[in-house]
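What follows is a set of notes on a single structure, which appears directly below.
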Amino acid sequence: MPSLKRVIAAVTFGVCASLAHPVTAQTPHRGGTAVFSLSQDPATINPVVSSNIPERQLGCIVYQGLIEVTDDYKILPLLAKSWTVSPDGLTYNFTLAAAKWHDGQLFTSDDVKYSLLEFNRKYSAIFAAAGRVIDSIVTPTRDKVVIKLKQPFGPFMISLGCMQGGAIMPAHLYRGTNVLTNTTTTSAPVGTGAFKFEQWKHGEFVRLTKVPDYYAEPERPYLDALVAKIIVQPAARIQALQTGEVDLVQFPAQSSLPVIKANPKLKVVTSDVAPLSEIGFFNTTRKPLDDKRVRQALFMATNRDYLLKTVFFGIGSVGIMPFTTDIAWLANPAIDYRKLYPFDAKKANTLLDEAGAARGVGGKRFGVHIAVLASQYPELQQAAQAIKSMWQAIGVDVSIDSLEDATYLKRVYTDGDFDISFIAYTTFSDPALGITRSFATASIGKPFGNAAKYSNPKVDALFEQGERSTTPEERGVFYQQAQAILAEDLPVMQLRQFRELNFASKNLMGLWGVVQGNGRWTDAWIAR
Amino acid sequence: LTASPNAHPWWTENWLVRYVLSRLAWAVVTVLAVMVINFLVIHIAPGDPVQALVGDFPAPPEYVATIRHQFGLDRPLPTQLWLYFIHFAHGDLGFSFANRLPVLDLILDRARWTLLLMIPALTLASFAGVALALVATRPGSTLDGGITAISLIGYSVPVFWLGQILVLVFAIDLEWLPAQGMTSARDAPSGAAAVLDIGWHLILPAFCVTIYYLAVVTRVARTAVVQSLRQDFVLTAQSKGMSRRRILWRHVLPNALIPVITVIGYNFGYSLTGAILVESVFAWPGLGNLFISSITNRDYPVLEGIFLVTAVTVVVANVITDMLYFVVDPRVRVAGPADD
């Protein structure tokens with residue numbers, strides 16, 4: 001029999017849970033305009049030719065991929081109504097939805113063929129990997145597409161999503177033109193989404209309006225219009241949210257969390273963008289960091305629970321293995337950093353002594369330079385400050401270089417002029433798209449690639465096998481094996497794993513929890 | 001420019017023509033030097049405009065090469081500089097990578113909004129600053145002390161801090177004014193409502209700009225007025241029984257104007273870029289915000305264009321200021337510039 005305490009607890013929980021979502025049961029209101037902020041004037045409203053955030057925030061509303069990916073990695077139909085995959089994982093048969101381009105032209109299998117072969121695989125940074133494995137595309141009818149692959153590619157379906165660079169482009173507007181100067185790229189995008197492009201005032205806003213007869217769901221979208229307001233300063237974005245001038249701030253400065261929580265008109269929602277990690281790359285080609293014992297010691301001297309509580313505002317969790325556990329099928333249950341590398345200055349000191357990094361004058365062992373991409377992740381700058389004092393305790397002298405994007409890219413990836421570098425990496429929802437790059441030999445020297453210059457043929461082979469298998473179950477095995485090696489070699493230290501937050505007006509509803517990406521605007525509505 | 005016997009007497013003075021021509025020649029040399037230095041500094045600074053265009057994730061190399069070629073970034077730096085000057089000679093400031101628009105169009109478009117912010121603010125600050133200086137003409141009085149203190153504060157307060165405070169008080173707490181932007185994008189008003197809407201958004205940033213320039217003008221004007229008040233002609237006028245107001249207007253103000261015009265001219269010279277911080281705080285879509293995003297994007301042509309326009313404005317404002325001396329001060333007309 002359950003104790004009285006438990007019953008009360010259960011009832012209280014139930015009441016609280018229903019209070020927490022009091023409006024979700026309401027019928028969505030129709031009409032109105034939602035305003036969300038962009039951190040920069042986009043260079044284009046096209047999610048393929050740029051992998052930047054504002055470009056995809058807007059581009060993936062106007063344009064669509066064949067499919068959408070749910071938060072638990074299921075594939076939902078979008079421009080493709082249905083599909084079958086051959087048992088060998090080489091042939092994909094798609095049946096297309098009866099969609100229309102925003103200029104009234106019919107969407108056909110020819111668009112898919114042109115787009116994937118001539119556009120996405122040439123211009124999308126994220127889709128490029130999937131593009132390389134496409135052998136041929138056949139279009140037997142206007143609504144049938146058959147894609148043949150050269151070899152099985154695990155993340156192929158996911159790569160067809162808009163956030164992964166798979167958005168389908170209009171062949172009738174692009175074929176035979178210069179993609180980069182075509183007005184469809186530069187000023188007037190034409191997609192298939194539930195909202196179409198209306199107006200772009202550079203430096204101010206982009207306005208999208210609802211499509212009257214949206215093919216996928218006739219009753220959608222609920223909103224009449226969407227406005228993306230360009231507000232470069234993070235503080236100004238939060239202020240605009242507080243005054244009600246914008247309804248949603250995506251990718252906010254996490255330091256604003258207390259302000260948002262204290263405001264009764266606002267809410268904090270976990271975003272649906274791909275899971276990410278904040279990590280530190282050890283430059284494994286530099287002494288003494290080329291010795292894994294030194295890397296392990298530095299990791300053990302880092303109080304990550306403290307960092308999580310303070311500089312990361314409790315958002316996310318300390319990573320317990322090399323890859324984020326937010327993609328569950330990658331997790332290797334045998335690895336737990338809390339047991340392998342608990343915060344323990346004494347053990348760290350012993351390891352450093354063993355590695356021959358003895359204390360010199362004044363108790364100093366050696367000095368390291370931490371390069372931080374501070375312009376994008378100010379919290380990492382603070383983490384570096386905290387780590388500086390943690391590592392001083394074990395005789396390691398830290399100097400911090402806070403860098404902005406361009407300088408960081410050159411210093412870290414091109415010149416390799418750093419000891420440790422702090423940055424956040426997204427997974428793009430699949431290890432082959434977003435995780436391999438941190439560790440694979442092929443990604444050394446590439447921007448946002450393998451900054452550690454870690455090279456291990458065994459790991460490379462496992463990543464390749466993981467990429468070439470099809471189901472998550474098969475693929476998971478290889479990634480779990482890779483994790484075991486990486487946990488031991490430790491070219492990268494996990495600072496924390498997390499999901500981005502959205503700060504929003506309490507009236508903005510329906511946007512979250514359905515598919516991965518920057519929210520599903522088709523379902524969004526404004527409560528009155 | 002040859003002297004004409006029918007022109008205004010001082011205009012025909014030979015030294016003046018020489019003076020004007022030399023000022024203009026120096027102006028051209030200055031602008032050309034600025035162009036070369038900026039071009040080199042911008043291109044040598046680390047960073048890659050292509051990265052900003054294709055995004056963080058490493059894009060296919062052929063795509064990157066195409067962009068590089070399209071924007072001429074694959075050419076050697078001296079060639080790029082040479083082409084920059086050739087295009088400039090044809091009135092072409094280049095093409096913005098990030099905005100995919102001709103730089104000149106882009107700058108002119110954004111400059112309108114900066115001027116909309118700056119011209120009213122600078123004008124107000126200029127007149128109000130002189131007026132305050134005239135009011136504060138009794139050194140040591142409470143009023144003078146108060147005005148001096150306030151202008152000192154206005155001069156020293158960082159505008160981004162002041163901007164934040166204004167937003168916190170008037171936008172967030174009192175909910176009287178919008179916090180950012182130039183228009184209410186949600187409702188997209190048109191006609192008279194659109195004009196009112198912009199005016200509504202203009203108040204806080206314009207106030208923020210005005211405070212700073214008001215302080216600058218007041219401080220300079222006050223010093224000039226106080227110095228003029230110590231001159232013998234003021235004593236003479238007083239002994240003739242002239243009213244204080246008449247002394248200020250007829251004798252003190254004209255004599256105090258030279259430093260005031262210098263500082264006002266200087267301010268107007270920076271009108272295009274003087275509001276970078278304010279524009280940033282209030283997300284005002286002017287040249288300042290364009291400048292910041294162009295730095296982030298390493299949008300070379302836009303940065304070169306903004307530096308060029310700024311250099312030209314500063315130089316032109318200085319030339320105009322020099323010319324104004326002749327108009328307001330008969331002594332300059334008669335004596336000619338000291339260095340000539």
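A, B, ... follow the sequence lines: proteins, then strands. Residue 1 opens every chain.
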Taking atom [atom1] of [X] and atom [atom2] of [Y], what is their separation to the nearest 0.5 Å?
X	Y	atom1	atom2	value
A:Asp41	B:Thr296	CG	OG1	11.5 Å
A:Tyr123	B:Ile67	OH	CD1	9.0 Å
A:Thr243	B:Asp173	OG1	CG	11.5 Å

By a 4.5 Å heavy-atom criterion (distance strictly below it), what part of [X] contacts chain B: side chain, backbone, both, or neither?
X	answer
A:Glu198	neither
A:Leu409	side chain
A:Arg411	neither
A:Tyr413	neither
A:Gln242	side chain
A:Lys122	backbone
A:Ser124	backbone
A:Phe205	side chain
A:Ala236	both
A:Glu245	both
A:Ile53	neither
A:Arg207	side chain
A:Leu433	backbone

Looking at A:Tyr377, I want to see if its OH is surrounded by more than 12 non-hydrogen atoms of other residues, nucleotides or ligands under 6.0 Å. yes

Of all of [options], which one pairs up most often with chain A through heavy atoms under 4.5 Å apart?
options	answer
B:Ser293, B:Pro285, B:Gly286	B:Pro285
B:Ser96, B:Ala59, B:Gly181, B:Ala98	B:Ala98
B:Gln180, B:Gln70, B:Arg110	B:Gln180
B:Pro60, B:Ala188, B:Ala283	B:Pro60

Between B:Ser280 and A:Gln233: side-chain donor-acceptor atoms closer than 3.5 Å: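 Present: a donor and an acceptor within the cut-off.
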
Check: A:Gln239/B:Gln164 side-chain N/O donor and acceptor closer than 3.5 Å: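 Yes, a side-chain donor-acceptor pair sits under 3.5 Å.
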
Which atoms of B:Ser184 approach chain A - backbone, side chain, both or neither, heavy atom under 4.5 Å: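 When you check distances to chain A, no heavy atom of B:Ser184 falls under 4.5 Å.
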
Could you look at B:Val281 and say if it's the side chain, the backbone, both or neither that has a heavy atom under 4.5 Å from chain A?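 Interface part for B:Val281: backbone (N, CA, C, O).
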
Atom of [X], atom of [Y] and distance for their closest heavy-atom approach:
X	Y	result
B:Arg186	A:Thr33	NH1-O, 3.0 Å
B:Leu53	A:Ala43	CD2-CB, 3.7 Å
A:Gln40	B:Asn297	OE1-OD1, 3.4 Å
A:Val227	B:Ala185	CG1-CB, 3.4 Å
A:Leu180	B:Tyr63	CD2-CE1, 3.5 Å

Apply the side-chain hydrogen bond (donor to acceptor under 3.5 Å, both in side chains) test between B:Thr183 and each candidate in A:Glu204, A:Lys229, A:Lys201; give the one that qualifies.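 One option only clears the test, and that one is A:Glu204.
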
Should A:Lys265 and B:Glu175 count as an ion pair when the cut-off is N to O under 4.0 Å?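 Yes, A:Lys265 and B:Glu175 are salt-bridged.
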
